[in-house]
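Along the sequence shown, the residues carry numbers beginning at 1.
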Amino acid sequence: MNQIFTNALTQPVLGITGVGLITSVGHDAASTISSLKSDITRMQEVKLPAKGGLPLVGAPIVGCSDTLLYESRLWDLAGQAAIEAIQYSNQAGLPLNSQKCGILWTMSEIERPGFTTRTTPEFKQQFLEQLGMNGKEIIWHEIASGHASGIVALQEAAKLIALGKVNFCLIGGTDSLLQLRVLRWLEPIDRLKTEIYTDGLIPGEAAAFIVVEPQTNIERRNGHALAWINGVGISHESATILSDQPCRAQGLTQALRSAFAESTVKSGEIQFVFCDLNGESYRANEWAITEMRVGFSENIRLIHPADCIGDVGAANGSLLLAYAAFNIAEDPFASCNALVFSGADNGSRAAAILTHVKESKKGDKNQVNHNPYRRKECEKSRDFSIELYQEHLSEASFLYEQRLTLFDDPEITWLDIEDFEDRFEPHIDGLVVGEELALEVCKQQAIEGDFGELHAAVRVFCRQNRKDLVLEVLEGLDPEDAEKISAVSDALKYELPASWQNEFIQVLSTGDQKRIPIIATVAGYQRLAVGKELFQALQKNDLDSLPVIVWALGRIREKDISALLLRNYLQHEEESICAASALALLRMDEQLVLDDCIQNVQSHNWPLLLLGLCSSHSSVPVLMNRASTDKVSADCLISLGLLGDITSIDMLLVHLTNDKLAESAAITLNLITGAELYEEAFIPEEIDKDELFEEELEAFKKGKVPTRPDGKPFGTTITRLSQKPEDWRKWWTENKKRFITDIRYRNGKPYSPACLLENLESEKSPNKIRQLAYEELVIRYDIDFPFETDMLVVEQKKAIAKYAEWIKANEARFQPGKWYFAGQIMPS
């Protein structure tokens, strides 16, 4: 093996170019992997009972083959998956030359009963006829290494290709543990998971294939690899699950070490591990021991599809390789490295390292998700798919709604939200690859479903380039349904294709009041050059649309179009419109707005935060005067924090004793000082009287709060900025000498663009502070890379990286601790 992969130390030689999968959660590779990433499962009680008559749960493939004979059915599934893998390879470039093909059929261990322990000539012929290869000179090898067969087969493929016997290899097979002979073999040794015996596996079934080619062949036919095979290791474990010996993990450890010895990738550079953990403690212990010996990054992600599809036996290795290759091809940064490992009951252990393809089209999801093979769909298959798409929509709706609640959750950081977005994305992918049938389901739920399903459906319509369906949604929207208006706005601002922009912009000029808030939101979010159209819409003076149009104008920053009209709205009776207009003008470098804010600050609330965003030291006494009255508010305190003047600290310490203002006072103190004083605080749960039992309700009316069985009140303990005045007074007394009057501070340092970047990056920054830090970068320093705190986290990271690069190159232009407006220093 080593001589085959010697060149891999400088350049990978084998690539995975095709994948084909049929599982209980999908009838092709793209839908299967979308379901796996979404944690969708189709496990169900099967007809065969477990030991003692207990119900047995399994993961059967349904609706994908009309063949009734069990073994014929599995061969039929194998043929469909193999055709998909070959056609997947052929979708880009010249077709594979099937005259020089190696078929490496993966099988269960010889010792295990059941199908795949024998491949009769009749079944081989059936399989080759499905592939159109019957009668051709095909090299057929059988790899009887159970779960590890697909990875072990990579070694044989490398040999056949290196010797010039084949141009490519088709690796894979089909297996099912849902066979009576297999189940009866597993039962006596308690390896099946039941209600009583939890240390066991859930039987599943699958057909899985990959196409492996040398790089030279891929280039010759102008093909494309999903991932490179960068190292393979094979070993044997004597202390197997079937033996009486304790698990020592020597075989798996050696397989991984061998794979890394051949690879250009080190163990610490692995981001994903795809494995065959299936619920049996033996496999979990084996991995735990191996992981400690080999050493990995703390941030690796362990992926085990058996959670969703059960244990699929000999189809496991090829399935893991296909899943890993897909994952690598989808990586938007083209930097993903994955380890794939698996082990057979007879002791065979195998590991492979897969790496990204540098010349791939980064982030091209259509390339990865395209379904090259569309089988005939029977009624059962259609029903299966409809249920699957409905589940994708339902889960996507839940995740979207959950995400909306997280932005102001004190226990959730902005980076935590990325997990919800990552979980949301595979559901949309699963609907996109479902093509017409999935669109039918989305169309129905866009009408009948909740606002989360509507949001998901519109995102699918955008990715499928179905503008007609989006226009239907817009036409049918109830302008009074705020949730659905917001859901559609969010979908379009994330997904609106560039080719649709001109037509959607024209809506702003048509006077369609129902659509204007949505289009204005999208225009502002995507920073489309539509100042003229927004200005025309603004003149119509529709109160419902006014705030979002003003907001969008501020985002676009076309300074010469609408500044005069916006100034008129500074006297509007609605304070939200005054605030939005002032902010938009400040983003257009209209410093005269500062005078309007000063004039109105004692009688109105809208100028409070704006003074913190645009004014100089001269506004500190004005805000402190407001803070000393009964009109003091959270925004007044936060504004003092934005200004960063230390003369306001004594005032802020006083407001720590006010329960309604303590949180804002603590945030403000931390903004100025950077003291990072935290405390553990118990937050009692709000009592819903409707959920109380009669006796609890009576006790509650008498002042007794309901408690848990242990006598403790309902609620949660969180970590928050300290609201104890004594903590802050002590810190300020000890550190006051570090601060100088007449210099503004942020995070305990003289105020600068770098300090604002800290607020954007910090996981500890509240959502509101992060958004204000972005506004400050625009207003104070005239830096504007598009940013919003509700952007997808991956896009926020990109924007923050741009700010970091700009600040590094330009920070010398600015004096730390001074007040700036539009990049120019302000008189104090």
Side-chain angles (χ1 to χ4, degrees), residues 410-411 413-415 609 611-613 615-617 619-620 623-624 627 634-656 661-681 718-777 779-781 783 789 800 803-804 807-808 811 814-820 828:
E411 296 185 87
T413 75
W414 70 276
L415 290 174
L609 282 177
L611 284 175
L613 293 175
S615 63
S616 66
H617 173 71
S619 293
V620 175
L623 287 168
M624 288 183 65
D635 282 354
C636 182
L637 300 187
I638 295 295
S639 190
L640 285 168
L642 298 179
L643 290 173
D645 192 289
I646 63 171
T647 60
S648 63
I649 285 182
D650 289 338
M651 171 79 71
L652 295 169
L653 290 172
V654 170
H655 286 301
L656 281 172
L661 296 174
E663 180 182 5
S664 298
I667 290 173
T668 302
L669 283 165
N670 199 57
L671 263 182
I672 300 173
T673 66
E676 298 288 325
L677 302 180
Y678 288 90
E679 65 178 357
E680 297 291 316
I718 65 170
T719 300
R720 69 182 185 187
L721 283 169
S722 175
Q723 296 179 16
K724 298 174 182 175
E726 60 270 22
D727 291 349
W728 288 99
R729 290 186 189 281
K730 181 175 183 296
W731 188 94
W732 183 237
T733 299
E734 294 173 353
N735 294 274
K736 188 175 183 179
K737 293 179 180 179
R738 295 199 290 110
F739 296 83
I740 303 171
T741 307
D742 297 331
I743 288 182
R744 64 186 305 211
Y745 287 87
R746 176 63 59 89
N747 310 329
K749 307 167 191 173
Y751 186 98
S752 70
C755 294
L756 297 175
L757 182 64
E758 287 179 11
N759 292 145
L760 280 186
E761 290 179 314
S762 175
E763 293 185 57
K764 297 178 180 178
S765 291
N767 187 59
K768 183 175 184 178
I769 297 302
R770 295 185 71 234
Q771 187 66 46
L772 289 171
Y774 161 65
E775 307 291 2
E776 290 179 271
L777 284 165
I779 295 167
R780 296 287 188 185
Y781 297 106
I783 322 169
T789 56
I800 288 171
Y803 277 110
I807 289 169
K808 184 178 181 180
E811 192 164 23
F814 305 106
Q815 297 180 41
K818 297 297 182 181
W819 283 265
Y820 280 82
S828 59

Closest heavy-atom contact between Tyr745 and Ile740?
OH-N, 2.8 Å
Residue list, side-chain hydrogen bond (donor to acceptor under 3.5 Å, both in side chains) with Arg744, at least two apart or on another chain
none
Assess whether side-chain hydrogen bond (donor to acceptor under 3.5 Å, both in side chains) is satisfied between Glu680 and Thr719, documenting all intermediate values.
CA-CA 5 Å; Glu680 297 291 316; Thr719 300; 2.6 Å; yes
Any residue meeting salt bridge (Lys or Arg N to Asp or Glu O under 4.0 Å) with Asp727, in chain and number order, not counting sequence neighbours:
none
Heavy-atom donor-acceptor pair, Ser664 side chain to Leu661 backbone, under 3.5 Å
no
Rounded to the nearest 0.5 angstrom, the CG-CG distance for Leu777 and Leu613 is 11.0 Å
dist Ile672:CD1 -> Leu643:CG (nearest 0.5 Å) comes out at 8.5 Å
I'd like to know if the side chain of Thr668 reaches the main chain of Leu637, judged simply by a donor and an acceptor atom lying under 3.5 Å from each other, with no hydrogens or angles considered.
yes
4.5 Å side-chain heavy-atom contact, Leu669 and Ile649:
yes
Do Ile769 and Ile638 have side chains that get closer than 4.5 Å, going by heavy atoms?
yes
Report yes if the side chains of Glu775 and Leu609 come closer than 4.5 Å at any heavy-atom pair, otherwise no.
no
Under 3.5 Å, is there a donor-acceptor pair between the side chain of Tyr820 and the main chain of Gln815?
yes
Give me the one residue out of Trp819, Phe814, Tyr803 that meets ring pair (Phe, Tyr, Trp, His ring centres under 6.0 Å) with Tyr781.
Phe814
Spacing of CZ belonging to Arg738 relative to NZ belonging to Lys749, to within rounding of 0.5 Å
10.5 Å
Sequence-distant partners of Lys808, salt bridge (Lys or Arg N to Asp or Glu O under 4.0 Å), two or more places apart:
none
For atom NZ of Lys818, is the number of surrounding heavy atoms from other residues, nucleotides or ligands below 6.0 Å larger than 12?
no
Under a 4.5 Å cut-off applied to non-hydrogen side-chain atoms, are Arg770 and Asn759 in contact?
no
Carboxylate-amine/guanidinium proximity below 4.0 Å for Lys730 and Glu726
no
If you round to the nearest 0.5 Å, how far is NZ of Lys724 from CG of Leu656?
12.0 Å
Can a donor-acceptor pair be found, under 3.5 Å and without considering hydrogens, that links the side chain of Gln771 to the backbone of Thr789?
yes
Heavy-atom nearest pair, Leu721 first then Ala666, reads CD1-O, 3.8 Å
Min side-chain heavy-atom separation Val620-His617 under 4.5 Å
yes
Could you state the interatomic distance from CG (Leu415) to CD (Glu761), rounded to the nearest 0.5 Å?
10.0 Å
Tightest non-hydrogen contact, residues Pro750 and Cys755, listed as O-SG, 3.6 Å
Got Glu811 and Ser752 here, is their nearest side-chain heavy-atom distance under 4.5 Å?
yes
Heavy-atom side-chain contact between Tyr751 and Leu756 under 4.5 Å:
yes
Just verifying a value: how many Å separate Met624 CE and Asp645 CG, rounded to the nearest 0.5 Å?
8.0 Å
Side chain proximity check, Trp414 to Asn767, heavy atoms < 4.5 angstrom
no
Checking Asn670 side chain against Glu676 main chain: does a donor-acceptor pair fall under 3.5 Å?
yes
State whether the number of non-hydrogen atoms from other residues, nucleotides or ligands found under 6.0 Å of Glu758 atom CD is greater than 12.
yes
Using atom types as modelled and distance alone, determine if a side-chain donor or acceptor of Arg746 lies under 3.5 Å from a backbone N or O of Leu642.
yes
Heavy atoms only: give me the nearest Pro766-Ile667 pair and the separation to one decimal.
CG-CD1, 4.1 Å
Nearest heavy atoms of Gln723 and Ala662, plus distance in Å:
OE1-CB, 3.5 Å
Determine whether a donor-acceptor pair (N or O, by modelled atom type, separation under 3.5 Å) exists between the side chain of Ser639 and the backbone of Asp635.
no
